2 protein chains.
Amino acid sequence: MLDPVKISKALSEPARYKIMLMLVNQYYREVSQCCSFTTEGVCNCEIMAEFGMIQSRVSYHMKELTEAGLVTEKPCGKWKYYIPNAETLKNYINQLGVDFKL
Amino acid sequence: MLDPVKISKALSEPARYKIMLMLVNQYYREVSQCCSFTTEGVCNCEIMAEFGMIQSRVSYHMKELTEAGLVTEKPCGKWKYYIPNAETLKNYINQLGVDFKL
DNA sequence: TGCATACATCAAATATTTCTGATATGATAA
DNA sequence: TTATCATATCAGAAATATTTGATGTATGCA
């Protein structure tokens with residue numbers, strides 16, 4: 001099911017942790033920076049701008065986060081929006097509690 | 001203070017996660033396998049035996065766990081016992097909750 | 001249609017982590 | 001003391017992860 005080692009690894013990269021923080025804080029806004037209509041989620045190009053990262057690097061990290069289940073992708077035309085997956089984070093925390101008897 | 005990225009990294013290695021599970025489940029026993037008296041904690045050689053790992057490999061991983069604050073060392077003669085640090089795990093979980101607004 | 005934009009993917013380079021065997025340190029016991 | 005045992009540390013090898021630039025794919029617009 002949920003693999004706490006895999007999620008730990010996804011969170012263990014500083015750039016990825018920062019991206020997760022950004023997603024959590026900005027994923028719901030009135031007006032998106034890219035699409036001309038209201039939407040939720042943060043797109044690739046916003047992450048590039050925020051951290052000064054090149055496009056392929058952002059893509060790589062978003063794939064890692066998505067494969068760990070920490071992020072959900074929402075394509076929107078030629079853009080792609082990312083939404084943090086609170087369920088996975090909750091399950092991860094819960095699993096740690098069970099595994100380590102907290 | 002507490003660095004969630006560092007703790008994630010410590011937990012992101014399969015061998016280390018398994019060692020943490022072992023520590024949590026065995027750190028308090030009536031009779032130690034190594035010392036001739038009752039003690040708490042699991043020693044290096046028990047971890048070696050449990051997972052079939054060589055000594056330097058166990059030492060390496062225990063150092064990583066200790067430096068992340070996940071384990072506390074308790075020297076006992078020529079042995080060294082490791083005790084899981086529940087406080088760090090709790091703080092880690094708490095920090096994730098704050099950071100990701102759970 | 002052709003062009004521009006956004007993101008994905010690839011291969012190569014670089015960086016980092018993990019593993020191993022050798023050796024060092026420190027404690028115990030004869 | 002000397003021998004032995006448990007653990008630490010080191011240097012090199014091996015394995016993995018990350019970064020980059022080039023190229024591919026798909027969408028939207030003129």
Side-chain angles (χ1 to χ4, degrees), chain A residues 3 5-20 22-23 27 32-37 39-68 70-83, chain B residues 3 5-20 22-23 27 32-37 39-68 70-83:
Chain A
D3 180 353
V5 171
K6 184 167 191 173
I7 295 175
S8 301
K9 188 183 291 185
L11 294 173
S12 75
E13 219 285 326
R16 284 198 294 267
Y17 199 93
K18 283 185 216 150
I19 290 172
M20 284 300 294
M22 180 191 181
L23 295 193
Y27 84 99
S32 164
Q33 307 295 115
C34 293
C35 281
S36 56
F37 48 86
T39 187
E40 56 176 7
V42 173
C43 78
N44 218 314
C45 60
E46 290 176 279
I47 298 168
M48 293 167 62
E50 175 77 12
F51 301 112
M53 296 167 68
I54 65 173
Q55 182 267 322
S56 58
R57 188 181 173 197
V58 172
S59 263
Y60 166 73
H61 284 307
M62 296 321 292
K63 191 180 181 195
E64 295 288 308
L65 290 171
T66 301
E67 287 179 352
L70 286 167
V71 154
T72 300
E73 302 181 339
K74 182 183 160 195
C76 171
K78 59 181 168 180
W79 294 281
K80 185 182 266 182
Y81 285 85
Y82 299 102
I83 298 168
Chain B
D3 180 352
V5 172
K6 185 168 189 174
I7 295 176
S8 301
K9 189 184 290 186
L11 294 174
S12 74
E13 220 285 324
R16 285 198 293 266
Y17 199 93
K18 283 185 214 151
I19 290 171
M20 285 300 294
M22 180 189 180
L23 295 192
Y27 85 100
S32 165
Q33 308 294 114
C34 292
C35 280
S36 56
F37 47 86
T39 188
E40 57 176 7
V42 172
C43 79
N44 219 314
C45 60
E46 291 176 279
I47 298 168
M48 292 168 64
E50 175 77 11
F51 300 113
M53 296 166 71
I54 66 173
Q55 183 267 322
S56 58
R57 189 180 172 197
V58 172
S59 262
Y60 167 72
H61 284 306
M62 297 321 292
K63 190 180 182 196
E64 295 288 310
L65 290 172
T66 301
E67 287 180 351
L70 286 167
V71 154
T72 300
E73 302 182 338
K74 184 184 161 196
C76 172
K78 60 181 165 180
W79 293 281
K80 184 180 267 184
Y81 286 86
Y82 299 102
I83 298 169

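Just so it is clear: chains get the letters A, B, ... in the order the sequence lines come, proteins before strands, and each one is counted from 1. All of these numbers come straight from a predicted model, not from anything done at the bench.
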_If you compare every side-chain N and O of Lys80(B) against the phosphate oxygens of dA8(D) (OP1, OP2), does one of them come in below 4.0 Å?_
yes

*Between Asn44(A) and dA8(C), does any side-chain N or O lie under 4.0 Å from OP1 or OP2?*
yes

*Taking atom CD1 of Ile83(A) and atom NZ of Lys74(A), what is their separation to the nearest 0.5 Å?*
5.0 Å

*Check the pair Glu64(B), Lys9(B) against side-chain contact (heavy atoms from CB on, under 4.5 Å), reporting the backbone distance first and the verdict last.*
CA-CA 9 Å; Glu64(B) 295 288 310; Lys9(B) 189 184 290 186; 5.7 Å; no

*Provide, to the nearest angstrom, the distance between the CD atom belonging to Glu46(B) and the C1' atom belonging to dT7(D).*
14 Å

Identify every side-chain donor-acceptor pair in residues 48-63 of chain B under 3.5 Å, counting partners at least two apart or on other chains, and give the distances.
unit_1	atom_1	unit_2	atom_2	d
Gln55(B)	NE2	Ser59(B)	OG	3.4
His61(B)	ND1	Arg16(B)	NH1	3.1

*Whole-Å distance separating the CE atom of Met62(A) from the P atom of dA6(C)*: 17 Å

*Rounded distance in Å - CZ (Phe51(A)) to C1' (dT18(D))*: 17 Å

*Rounding to a whole Å, what distance do you find between Tyr17(A):OH and dT18(D):P?*
17 Å

_So if I define the base as every atom that isn't primed, P, OP1 or OP2, how would nucleotides 20-30 of chain D read as a B/S/- string at a heavy-atom cutoff under 4.0 Å?_
BB-----BS--

*dT19(D) OP1/OP2 closer than 4.0 Å to side-chain N/O of His61(A)*: yes

*Expressed in angstrom and rounded to an integer, what is the separation of Arg16(A) atom CZ from dT16(C) atom P?*
14 Å

_Between dA8(D) (C1') and Glu73(B) (CD): distance, integer Å_ = 10 Å

*Closest contact, heavy atoms only, Ala10(B) versus Leu65(B)*: O-CD2, 4.1 Å

_Straight-line distance of Glu73(A) CD to Tyr82(A) OH, nearest 0.5 Å_ = 5.0 Å

_Working for side-chain contact (heavy atoms from CB on, under 4.5 Å), residues Leu23(B) and Ile19(B)_ = CA-CA 6 Å; Leu23(B) 295 192; Ile19(B) 290 171; 4.2 Å; yes

*Report the distance from atom NZ of Lys63(B) to atom P of dC19(C), rounded to the nearest whole Å.*
15 Å

*For Ser8(B), enumerate each residue passing the side-chain contact (heavy atoms from CB on, under 4.5 Å) test, keeping only those at least two apart in sequence or located in another chain.*
Leu11(A), Ser12(A), Tyr92(B)

*Could you state the atom-to-atom distance from NZ of Lys74(B) to P of dA27(C) in whole Å?*
17 Å

